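Each remark here refers to the structure printed beneath this line.
Please read these numbers as outputs of a predicted model, since none were measured by experiment.
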Amino acid sequence: MLNFKYFPAAYLAVSIIVSAFIVVYAWRNPQTRGSRAFAISCLISILWMCSDLISGLSGNFPEQWFGLIIKYFATPILPVAFLVFARQYCDKPINFIQIKLLMIIPVITWLVILTNHRHHLFFTKLEIGISGAMTVELGAYYWSVHLLYSHSLITAGFVTILIELTRASRHYRKQISLLFFALCIPIVVNILFVYKISGNLTPLTFPIIFPIMAYAMFRHQFLGSNPIAYETVFH
């Protein structure tokens with residue numbers, strides 16, 4: 001986990017507040033396709049940031065384990081929420097039965113984590129280091145099931161947005177491109193962390209994409225317009 005000082009903790013705390021406002025705004029604008037799934041994705045990201053805030057401010061095992069539980073409650077369902085958002089936004093919605101099927105692996109993942117002390121399939125090592133940070137080594141289930149499934153859903157979501165980008169008119173292409181770019185930031189940083197190329201910086205990227213999302217909302221009316229619907233009428 002991150003070795004937190006006061007500034008990173010304050011940084012995440014402010015980010016959580018900003019994210020909460022975005023969740024409320026998106027949820028209160030259901031007329032835009034995908035806005036509810038977008039709000040849920042932001043809410044899940046808040047849980048992730050809270051988990052790192054809790055773990056970073058604590059120096060004992062129980063509190064850091066609690067933060068880890070929150071983190072891995074959020075991360076299995078974030079790819080599902082992202083795929084649902086991408087499909088809804090591009091007018092290819094996923095029905096409730098399909099969402100329940102997509103949630104099967106995340107639910108199994110939660111059960112594997114909660115029973116990890118019996119089999120060590122998700123975490124093979126959990127201990128507090130000299131610095132007070134928790135050392136985590138991930139097991140076979142993480143690499144072979146959780147990570148593979150999450151990356152598959154994320155890839156499907158990005159492909160959906162890319163296909164829509166190629167179909168959109170020049171007037172709305174900038175809006176969709178901005179959305180795609182903003183979503184790429186945390187995904188790329190997380191991949192670098194998973195493969196140990198960089199540190200655990202993924203939750204710190206969420207505040208970076210907030211100004212991009214805000215620009216998309218107010219400059220291009222991201223949550224107040226529906227370019228896909230206009231494109232359909234136009235065609």
Side-chain angles (χ1 to χ4, degrees), residues 19 22-23 26 29-45 48 74-99 101-103 105-106 145-195 197-198 201-203 205-235:
S19 298
I22 293 177
V23 169
N29 287 270
Q31 71 278 5
T32 298
R33 193 173 291 140
S35 62
R36 291 289 173 84
F38 176 76
I40 292 172
S41 299
C42 290
L43 183 60
I44 297 169
S45 299
W48 191 341
T75 53
I77 56 176
L78 188 56
V80 176
F82 168 68
L83 177 60
V84 172
F85 163 71
R87 298 278 298 185
Q88 287 181 354
Y89 182 76
C90 296
D91 197 19
K92 299 171 183 175
I94 298 176
N95 61 44
F96 185 66
I97 294 176
Q98 291 171 320
I99 293 174
L101 292 174
L102 288 172
M103 283 296 297
I105 296 298
V145 180
H146 167 68
L147 190 66
L148 182 62
Y149 184 71
S150 297
H151 283 189
S152 298
L153 296 187
I154 291 169
T155 300
F158 273 112
V159 169
T160 301
I161 295 173
L162 277 175
I163 292 174
E164 197 58 50
L165 180 61
T166 61
R167 295 172 50 196
S169 67
R170 185 175 61 180
H171 181 68
Y172 293 113
R173 198 167 293 163
K174 185 175 181 179
Q175 178 177 340
I176 301 173
S177 298
L178 192 61
L179 166 66
F180 183 83
F181 172 73
L183 291 170
C184 280
I185 296 174
I187 300 301
V188 171
V189 173
N190 184 248
I191 291 173
L192 294 176
F193 164 68
V194 166
Y195 294 102
I197 300 174
S198 69
L201 303 176
T202 307
T205 65
F206 296 139
I208 296 174
I209 70 173
F210 294 153
I212 301 174
M213 291 294 184
Y215 178 81
M217 281 189 289
F218 299 110
R219 174 65 174 162
H220 295 288
Q221 297 180 341
F222 172 69
L223 292 177
S225 65
N226 197 340
I228 310 304
Y230 294 144
E231 288 294 300
T232 303
V233 173
F234 176 78
H235 285 299

Partners of [X] by side chain to side chain contact (heavy atoms under 4.5 Å, CB included), sequence neighbours excluded?
{"X": "V23", "result": "A39, C42, L43, I46"}
{"X": "L153", "result": "P79, V80, L83, L102, Y149"}
{"X": "T155", "result": "V159"}

What heavy-atom pair brings [X] and [Y] nearest, and what distance separates the two atoms?
{"X": "A26", "Y": "F38", "value": "CB-CD2, 3.7 Å"}
{"X": "A74", "Y": "I44", "value": "O-CG2, 3.3 Å"}
{"X": "T160", "Y": "A156", "value": "OG1-O, 2.8 Å"}
{"X": "P76", "Y": "P106", "value": "O-CG, 3.5 Å"}

Is there any side chain to side chain donor-acceptor pair (under 3.5 Å) pair reaching into residues 77-87, and which pairs are they, with sequence neighbours excluded?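 As it turns out, there is no side chain to side chain donor-acceptor pair (under 3.5 Å) pair with a partner in residues 77-87 once direct neighbours are skipped.
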
S45 OG to L78 CG distance, which is reported to the nearest 0.5 Å: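 It comes to 5.0 Å.
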
Nearest-0.5 Å distance that lies between atom NE2 in H146 and atom OG1 in T75: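 Separation between the atoms: 4.5 Å.
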
With no hydrogens and no angle check, is any side-chain donor or acceptor of T166 less than 3.5 Å from a backbone partner on I163?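 Looks like yes, one N/O pair under 3.5 Å.
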
Side chains of Q98 and N95 in contact at under 4.5 Å (non-hydrogen atoms):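 The answer is yes, as the side chains (C-beta and beyond) meet within the 4.5 Å cut-off.
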
Beyond-backbone contact of I40 with F85, side-chain heavy atoms, under 4.5 angstrom: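 A side-chain contact is absent here, since even the closest heavy-atom pair is not under 4.5 Å.
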
Run the side-chain donor-acceptor check on residues 179-193: report pairs under 3.5 Å with partners two or more places apart or on a different chain.
| from | atom 1 | to | atom 2 | distance (Å) |
| --- | --- | --- | --- | --- |
| N190 | ND2 | T202 | OG1 | 3.2 |

